[in-house]
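Here the structure is a predicted model, which means the values were calculated and not measured. A note on names: the letters A, B, ... follow the listed sequences, proteins ahead of strands, and every chain is numbered from 1.
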Amino acid sequence: MFHCLQFSVDFPAKYQDWTATDPTDLFQAPIVKTESNPKAHIPRHLSQEARGCSHLVLWLDCDREGENICFEVIECTEFVVHDTRRKVHRARFSSVTEKDILKAMDNLVAPNKDEALAVDARQEIDLKVGVAFTRFQTSYFQGKYGNLDARVISYGPCQTPTLGFCVQRYLQITTFKPEKFWIVRPYILQGGYDLQLDWERGKLFDSEVAAMFQKLVMDDGFVKVTDMSEKQESKTRPSGLNTVNLLKVASSALGLGPQMAMQIAERLYTQGFISYPRTESTSYPLSFDFKGALGPLVKDPTCGPYVQQLLNSGHLKARQGTDAGDHPPITPMRLATEDMLGGDAWKLYQYICQHFIGTVSADCKYARTMVDFSVGGESFHCVGLRVIVKGFTAVMPWLAVNEKSLPQFSKGDKIKISKVELYEGYTTAPDYLSESELISLMEKHGIGTDASISVHINNICERNYVQVQGGRRLVPTELGICLIRGYQCIDPDLCLPDIRSFIEHQITLVAKGQADHSRVVHHVLLQFKQKYGYFVKQIENMDALFEAQFSPLADSGRVLSRCGKCLRYMKYISTQPSRLFCGTCEEVYYVPQRGAVKLYKELECPLDNFQLLLFSMAGPEGKTFPFCPYCYNNPPFEGIDTLFSAVKTGNSTTPGKGAGMPCFLCPHPTCRHSLISQGVCACPECHGTLVLDPVSAPKWRLSCNLCNCLVSLPHGAHRISTTKDRCPECDSTIIEVDFNKKTSPLKDGNTLHAGCILCDELLHSLIEMKHGKSFFRHRGGRGRGRGGRGGHRGRGRRGKTEDPKMSFRDF
DNA sequence: GCAAGGTC
């Protein structure tokens with residue numbers, strides 16, 4: 001039985017380069033399914049298992065996601081739906097009990113393609129919308145501000161509305177204007193009690209009027225008992241515990257964040273202490289064995305006696321909740337002690353036990369006594385509370401009714417007022433949104449699921465949009481506030497929770513078979529693409545907020561190295577993501593992350609004249625390698641990305657393997673012995689070895705294995721070799737290039753040409769001398785077409801913008 | 001470097 005997705009969607013490699021892809025193109029880009037966990041070889045395993053099988057029975061969660069996985073499995077096993085020889089069956093069940101399983105086995109159905117397609121649709125929409133907006137706003141703002149401290153400025157149809165809730169509360173707080181109010185509070189002494197009476201009018205916002213009422217009451221001096229009543233009320237026991245409620249309690253009462261709470265709950269589950277912790281249901285199935293579940297808890301030292309009492313009473317009935325058809329509520333499965341679990345896990349386990357016992361307990365019953373008074377024409381009252389049956393509050397004492405006893409009164413009594421206070425107070429702003437309130441809001445608006453709510457909250461914390469403060473309240477950061485206020489003034493739809501429900505509603509049409517999958521996806525994406533276009537066009541409105549809050553790149557960072565274009569010094573910005581900024585060219589150059597960057601021997605890259613830098617990875621064993629900031633951002637030849645990603649992940653490429661790629665991680669000569677033999681001559685700038693770049697063969701190029709620079713040879717060169725000749729000017733090796741007749745750029749083709757790669761002018765004259773034409777040229781040379789990263793200019797501005805803040809249209 | 005959804 002497979003619960004996890006084997007595949008996830010992504011863009012093909014062509015679209016992975018942020019600089020080479022306009023985000024607006026992502027809306028029409030193809031998508032590919034990739035194995036989520038390639039090392040697990042799940043598709044291979046499924047395919048092997050299915051060999052020779054005549055029937056495939058799919059036992060997966062009975063929801064849309066489960067249906068989607070069904071078709072993944074079908075694909076891996078090479079079964080075909082409706083094939084008469086090898087049959088595909090879907091088991092539909094709502095719980096994993098013997099009865100249910102047998103029933104499902106006897107009633108096998110066909111898998112539901114529409115539901116699976118709805119999931120495909122959601123995946124594609126979420127991917128394209130999220131990635132397009134994220135790439136655009138990340139590039140735009142990172143290219144402008146130095147103290148943003150954000151590796152990525154993400155956007156998503158779940159995370160952004162989640163942030164929206166936090167900022168909405170923040171804005172309520174900041175725009176709140178406290179108001180003064182007054183309350184008339186008479187006090188009486190009766191039967192040994194000093195009672196404060198509550199005013200029917202609550203509070204008044206006019207001090208003169210309030211003072212007038214105070215005078216009326218004082219002038220009268222006696223309260224008269226006008227009525228007395230008692231009625232029985234009850235507090236209902238909780239229904240079964242689902243994930244959302246567990247997370248709320250964990251945050252508000254146990255001080256555990258959702259991420260942490262879920263991790264602990266998962267561990268308790270795998271260790272067998274509790275049932276499956278991801279469930280929406282608060283209702284137990286009718287057949288649920290409460291006696292069996294309570295049994296082990298009898299031995300618990302604290303609630304044991306109460307549980308025994310419950311079992312003895314024989315009256316065990318859980319309150320009806322909602323049955324989402326997924327899993328039963330979270331229930332303790334076996335007894336644990338504090339020593340077995342320790343700390344937070346114990347607290348969470350204890351709560352799960354208390355909640356479960358509460359679920360099968362009686363309701364709490366209590367009597368509410370109300371005494372009404374009149375004085376000077378005004379009405380007052382006081383309330384008494386008396387518990388009749390503790391019920392579930394015995395095991396969940398924090399929910400207990402606070403008893404309040406009252407003295408005896410008789411109707412018509414006249415009692416002397418001891419004093420009349422005119423209480424003066426201020427209305428107060430609400431507090432920051434608590435995590436528990438946020439979870440409630442997310443649940444109410446359908447943002448995220450039981451399994452993903454904690455992830456979204458964690459996301460907005462990690463992205464530095466909000467911070468968790470005391471009492472687990474979420475305080476938005478300047479970045480978070482700017483983002484939401486920006487969406488609000490450009491296109492509020494982007495941060496409203498409706499954006500999620502809109503998507504959900506559209507894909508539900510697919511799930512129900514009422515609309516065609518690809519037409520719905522196209523329809524929804526078209527609308528988002530228009531919104532994207534308008535957002536890009538209006539980004540200055542959001543930028544105005546950023547401008548007021550953050551400092552421009554030019555004012556950030558410290559001077560580090562020289563730019564190869566303008567030859568002025570660039571600044572190194574160390575806040576995430578670390579990068580170089582050339583104030584003159586207004587260009588950003590990213591550098592390898594999580595490490596130190598310093599100048600490398602004041603050497604320059606011969607390709608672009610940028611000063612070389614030395615990167616040292618953090619940690620005692622941190623590797624060190626030199627690099628050119630320009631080449632790092634503008635890979636001079638295909639395949640270099642692989643090298644850089646190796647650098648980023650810390651996996652050195654092994655020399656000798658992988659077509660003899662140079663090792664960028666280790667500039668030490670012994671590490672490149674396999675390359676030395678291919679070496680042509682010394683790099684004129686850093687004296688590393690220039691080697692043939694095997695990636696580009698037969699279009700030969702030379703690359704320096706040390707500073708990463710690259711020298712292009714003319715197209716059609718099919719063999720090059722070094723000569724014994726030295727350049728008279730710089731003493732560099734003279735190289736000979738051989739052309740085919742067909743491919744030669746020169747008229748005389750099929751001849752040997754020679755030149756020095758170092759001395760541009762001499763080279764020129766050498767070649768002109770010999771052949772009348774220069775063919776050694778730095779690839780692209782200065783002022784190449786492709787700009788550095790992060791420059792937002794001219795990017796992503798092709799979206800259509802006719803219909804700015806259009807609201808979503810249903811399919 | 002990017003979304004949201006699963007999960008062990």
Side-chain angles (χ1 to χ4, degrees), chain A residues 1-11 15-19 21 23 26-27 29 31 33 36-37 39-40 42 60-61 63-70 72 116 118-143 150-162 243 262-263 265-272 276-279 326-327 442 446-460 462-463 499-500 503-504 507 525 528 532 576-579 588 590-594 633 641 644-645 648-649 789-790:
Chain A
M1 182 149 141
F2 288 88
H3 289 281
C4 61
L5 292 168
Q6 302 153 62
F7 298 104
S8 53
V9 290
D10 205 347
F11 292 108
Y15 294 88
Q16 297 290 352
D17 184 344
W18 287 41
T19 52
T21 309
L26 294 173
F27 290 98
I31 51 167
K33 284 204 170 194
S36 300
N37 186 359
K39 283 181 193 162
I42 292 174
L60 293 119
D61 283 2
D63 53 19
R64 283 181 197 166
E65 299 290 337
E67 221 59 28
N68 191 264
I69 307 171
C70 282
E72 289 186 353
V119 172
D120 284 342
R122 186 200 39 74
Q123 287 177 349
E124 182 168 352
I125 294 164
D126 284 346
L127 174 76
K128 291 185 169 177
V129 173
V131 174
F133 276 89
T134 299
R135 283 192 190 173
F136 169 70
Q137 58 185 29
T138 301
S139 307
Y140 184 90
F141 290 114
Q142 273 184 2
R151 224 176 79 256
V152 51
I153 304 172
S154 58
Y155 176 87
C158 283
Q159 57 170 269
T160 304
T162 302
T243 309
M262 277 320 285
Q263 273 174 22
E266 274 158 23
R267 208 172 63 233
L268 288 173
Y269 164 64
T270 50
Q271 291 172 339
Y276 191 66
R278 276 180 284 260
T279 176
D326 49 357
H327 305 271
M442 292 174 74
I447 306 288
T449 65
D450 47 11
S452 70
I453 277 181
S454 64
V455 178
H456 300 310
I457 297 179
N458 200 48
N459 258 343
I460 61 170
E462 279 197 339
R463 299 278 153 79
I499 204 162
R500 188 78 217 156
I503 296 175
E504 286 297 328
I507 65 160
L525 285 177
F528 274 109
Y532 173 82
Q576 276 202 353
S578 41
R579 64 216 122 126
V588 175
Y590 289 83
V591 300
Q593 303 292 305
R594 287 182 292 282
N633 288 272
D641 279 348
F644 284 136
S645 72
K648 285 166 190 168
T649 55
R789 278 181 191 209

| Mapping A/Ile447 and A/Tyr269 onto DNA chain B by nearest heavy atom, which one lands closer to the 5' end? | A/Ile447
| Can you check whether A/Tyr276 has a side-chain N or O nearer than 4.0 Å to OP1 or OP2 of B/dC8? | yes
| query | Taking atom CG of A/Asp10 and atom CD of A/Gln123, what is their separation to the nearest 0.5 Å? | reply | 11.5 Å
| request: Ignoring backbone atoms, establish whether A/Ser8 has a side-chain N or O less than 4.0 Å from OP1 or OP2 of B/dG5. | output: no
| query | How would you label the contact of A/Arg463 with the nucleic acid (heavy atoms, under 4.0 Å): base, sugar-phosphate, or nothing? | reply | sugar-phosphate
| task | Output the single nucleotide from B/dT7, B/dG1, B/dC2 whose closest atom is nearest the side chain of A/Ser154. | result | B/dC2
| So does A/Gln142 reach the base of B/dG1 with its side chain, donor to acceptor, closer than 3.5 Å? | yes
| query | Looking at the side chain of A/Asp61, which of B/dT7, B/dG1, B/dA3 is the nearest nucleotide? | reply | B/dT7
| N or O in side chain of A/Arg278 less than 4.0 angstrom from B/dG6 OP1/OP2 | no
| message | Here's a test for you: under ring-ring contact (aromatic ring centres under 6.0 Å, His included), which of A/Tyr532, A/Phe136, A/Phe11, A/Tyr15 qualifies with A/Phe27? | response | A/Tyr532
| field | Spacing of A/Tyr15 atom OH relative to B/dC2 atom C1', expressed in whole Å | value | 16 Å
| query | Counting just side-chain N and O atoms, does A/Gln123 come under 4.0 Å of either OP1 or OP2 of B/dA3? | reply | no
| task | Respond yes when some side-chain nitrogen or oxygen of A/Arg151 is under 4.0 Å from OP1 or OP2 of B/dC2, and no when none is. | result | yes
| request: Round to the nearest Å and state the distance from A/Leu60 atom CG to B/dT7 atom P. | output: 11 Å
| Does the side chain of A/Gln16 get closer than 4.0 angstrom to OP1 or OP2 of B/dC2 through an N or O atom? | no
| query | A/Phe133 has an atom CZ; how far is it from atom P of B/dA3, in whole Å? | reply | 14 Å
| request: Nearest whole angstrom, please: distance from the P of B/dT7 to the CD of A/Glu65. | output: 9 Å
| task | Give A/Pro157 one of three labels, base, sugar-phosphate or nothing, depending on what nucleic acid heavy atoms sit under 4.0 Å from its own. | result | sugar-phosphate
| field | Closest-nucleotide 5' rank along DNA chain B - winner of A/Asp63 and A/Leu127 | value | A/Leu127
| Rounded to the Å, how far apart are A/Trp18 CH2 and B/dA3 P? | 9 Å
| query | Are A/Asp17 and A/Arg135 ion-paired here, with the side-chain N under 4.0 Å from a carboxylate O? | reply | no
| Which part of the nucleic acid does A/Gly66 contact within heavy-atom distance under 4.0 Å: base, sugar-phosphate only, or nothing? | nothing
| task | Please work out if A/Asp10 contacts a base, only the sugar-phosphate, or nothing of the nucleic acid, heavy-atom cut-off 4.0 Å. | result | base
| field | Atom pair OG1 (A/Thr134) and CD1 (A/Ile153), whose distance is rounded to the nearest 0.5 Å | value | 10.0 Å
| Counting any heavy atom closer than 4.0 Å, what does A/Thr138 reach on the DNA or RNA strands: base, sugar-phosphate only, or nothing? | base
| Whole-Å gap separating C1' (B/dC8) and CD1 (A/Ile69) | 13 Å
| query | Using a cut-off of less than 4.0 Å, is there contact between a side-chain N or O of A/His456 and OP1 or OP2 of B/dA3? | reply | no
| task | Pick base, sugar-phosphate or nothing for A/Glu266, based on heavy-atom distances below 4.0 Å to the nucleic acid. | result | nothing
| task | May I ask you to say whether A/Glu462 pairs ionically with A/Arg151, meaning some side-chain N is under 4.0 Å from a carboxylate O? | result | no
| request: Answer yes when A/Asp61 and A/Arg278 have at least one side-chain N-carboxylate O distance shorter than 4.0 Å, and no when they do not. | output: no
| query | CD1/A/Ile31 to CG/A/Leu26 distance, rounded to the nearest 0.5 angstrom? | reply | 11.5 Å
| remark: To the nearest angstrom, the CD-C1' distance between A/Glu462 and B/dG1 comes to 14 Å
| request: Could you tell me whether A/Val9 contacts a base, only the sugar-phosphate backbone, or nothing, with contacts defined as non-hydrogen atoms closer than 4.0 Å? | output: base
| query | Would A/Tyr155 count as stacked on B/dA3 if the rule is ring centres under 5.5 Å and plane angle under 30°? | reply | no
| said: Under 4.0 Å, counting only non-hydrogen atoms across every strand here, what does A/Arg500 touch: a base, just sugar-phosphate, or nothing? | reply: sugar-phosphate
| said: Is there a side-chain contact between A/Ser452 and the phosphate of B/dG5, meaning an N or O under 4.0 Å from OP1 or OP2? | reply: yes
| message | Using whole Å, what does the distance between atom P of nucleotide B/dC8 and atom CG of A/Leu268 come to? | response | 14 Å
